[in-house]
Student: 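What follows is a single structure, and I will ask about it in a moment.
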Amino acid sequence: MDELHLLVYPVVLGTGARLFPEGAPRVPLTLLDQERFDNGVLHLTYGQV
């Protein structure tokens, strides 16, 4: 994986599905960029350094 782009919506629902399944290999990622939209959504870009 070179980059991971996440769009985070400001909604509170309680519990939810995991982004990665239990036991998935861990990849060290660093936050490379972030962008906040007027509606509260965050665009986060993670990558390997």
Side-chain angles (χ1 to χ4, degrees):
M1 174 184 324
D2 294 328
E3 282 189 351
L4 173 66
H5 292 263
L6 293 177
L7 292 171
V8 181
Y9 292 80
V11 177
V12 178
L13 297 175
T15 61
R18 295 180 63 90
L19 182 60
F20 298 105
E22 194 69 36
R26 298 208 180 249
V27 177
L29 297 175
T30 302
L31 181 63
L32 301 176
D33 192 22
Q34 60 184 357
E35 181 180 8
R36 185 173 63 89
F37 298 102
D38 291 337
N39 61 359
V41 173
L42 294 174
H43 174 215
L44 305 174
T45 304
Y46 288 91
Q48 294 183 9
V49 178

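From a predicted model like this one, the values you see are computed outputs, not experimental measurements.
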Student: Going by atom type alone, with no hydrogens or angles, which donor-acceptor pairs under 3.5 Å involve a side-chain atom of residues 17-28 and a protein atom two or more places apart or on another chain?
Tutor:
none

Student: Would you be so kind as to tabulate the donor-acceptor pairs closer than 3.5 Å made by side chains of residues 6-13, with sequence neighbours excluded?
Tutor:
none

Student: Got more than 12 heavy atoms from elsewhere within 6.0 Å of CD, Q34?
Tutor: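 Result for CD/Q34: open.
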Student: Can you sort out the partners of H5 under side-chain hydrogen bond (donor to acceptor under 3.5 Å, both in side chains), two or more places apart, ordered by chain and number?
Tutor: E3, H43, T45
Student: State yes or no: do L32 and L29 share one hydrophobic cluster built from I, L, V, M, F, W and Y residues joined by side-chain heavy-atom distances below 4.5 Å, directly or via other members?
Tutor: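 Different clusters.
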